[in-house]
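Here the structure comes first, spelled out in structure tokens, and everything after it is commentary.
Only heavy atoms go into these numbers, but all of them, side chains included; no hydrogens, no water, no symmetry mates. Position 1 is the first residue of the sequence, and the numbers go up from there.
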Amino acid sequence: MSTNVVDALARVPMLSSLDRSHLEKLAKEFSDRTFPAGSVVMSEGDSHGVGFFVVADGEAVASVGGTEVSRLGPGSHFGEIALISDRVRTATVTATTDLHCYVMTLWDFRSFVQGDAEVAWKLLEQLADMLHRSPSAAH
């Protein structure tokens with residue numbers, strides 16, 4: 001079953017404060033990408049994580065240090081930190097079936113946020129809330 005990109009974006013914690021119209025605008029910036037079963041979508045330790053992925057159809061496995069940490073399916077997402085920070089990838093994601101994803105790059109997301117102050121403020125508030133709720137946050 002394929003997942004609608006707008007509905008999937010609404011379930012991403014970092015984007016959950018955006019209203020439907022902003023999510024619809026953001027969804028237009030995603031491109032489609034298909035990875036054959038067995039292919040590595042991203043590798044732990046890669047120095048540049050430029051993409052954010054939302055799984056539309058298919059399945060994948062995320063692993064850290066060679067150990068499976070989660071299974072991904074329609075509506076799952078990964079790489080969202082790459083939207084705001086060019087960091088080293090923290091996991092390897094491997095397609096276990098043919099995997100159809102919606103993908104957005106850092107520079108497309110940056111352009112989207114810079115073009116709308118309301119979006120930028122909502123994202124800042126959401127990130128602050130996520131940090132506040134984080135178990136490692138100092139209170």
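Once rounded to the nearest 0.5 Å, the distance linking OG of Ser111 with CG of Asp116 reads 11.0 Å. Taken from CZ in Phe112 to CE in Met104, the straight-line distance is 7.0 Å, to the nearest 0.5 Å. For the atom pair OG (Ser31) and CG (Asp108), the distance works out to 8.0 Å, reported to the nearest 0.5 Å. The CG atom of Leu9 sits 8.5 Å away from the CG atom of Asn4 when rounded to the nearest 0.5 Å. To the nearest 0.5 angstrom, Ser21 atom OG is 7.5 Å from Glu118 atom CD.
Side-chain atoms of Thr92 and Val40, non-hydrogen and from C-beta on, do get closer than 4.5 Å to each other. The side-chain heavy atoms of Val64 and Thr90, taken from C-beta on, include no pair separated by under 4.5 Å. Contact annotation: the side chain of His77 never approaches that of Arg11 to less than 4.5 Å [non-hydrogen atoms, C-beta and beyond]. The side-chain heavy atoms of Val103 and Phe52, taken from C-beta on, include no pair separated by under 4.5 Å. In this structure, Val113 and Leu123 have side chains that are in contact, with non-hydrogen atoms separated by less than 4.5 Å. Put simply, the side chain of Leu26 reaches to within 4.5 Å of the side chain of Phe109, judged on heavy atoms. Side chains of Phe35 and Thr97 form no contact here, defined as non-hydrogen atoms less than 4.5 Å apart. When side chains are defined from C-beta on, Thr105 does not count as touching Arg110, because their heavy atoms never get closer than 4.5 Å.
What you find for Val5 and Phe30 is that their closest heavy atoms are CG2-CG, 4.3 Å. Smallest separation of non-hydrogen atoms from Ala56 and Pro74: O-CB, 3.6 Å. The two atoms that bring Ala60 and Thr96 nearest to each other are N-OG1, 3.6 Å, heavy atoms only. Heavy atoms only, all atoms of each residue included: His100 and Thr34 are closest at CD2-OG1, 3.7 Å. Taking both residues in full, the closest heavy atoms of Val55 and Gly58 are given as CG1-O, 3.8 Å, listed atom of the first, atom of the second, then distance. Taking every heavy atom of both residues into account, Ala37 and Asp98 meet most closely at N-OD1, 3.0 Å.
By the 6.0 Å contact criterion, CZ on Arg20 is enclosed, its count of non-hydrogen atoms from other residues, nucleotides or ligands being greater than 12.
In this structure, a donor-acceptor pair under 3.5 Å is absent between the side chains of Ser63 and Glu44.
Salt bridge annotation for Lys28-Glu24: absent, with no cationic side-chain nitrogen under 4.0 angstrom from a carboxylate oxygen.
Exactly one residue among Lys25, Gln126, Lys122 makes a side chain to side chain contact (heavy atoms under 4.5 Å, CB included) with Leu18. That residue is Lys122.
Under the 4.5 Å side-chain heavy-atom criterion for Ile, Leu, Val, Met, Phe, Trp and Tyr, Tyr102 and Val6 are members of the same hydrophobic cluster. Follow the hydrophobic side-chain contacts under 4.5 Å out from Met42 and you never reach Val69; the two are in separate clusters.
Formation of a donor-acceptor pair under 3.5 Å by the Thr94 side chain with backbone atoms of Ser39 is not found in this model. Judged purely by atom type and a 3.5 angstrom limit, Glu59 has no side-chain atom pairing as donor or acceptor with the backbone of Ala95.
Note: Phe53 and Phe78 have parallel aromatic rings, judged against thresholds of 30 and 60 degrees for the angle between ring planes.
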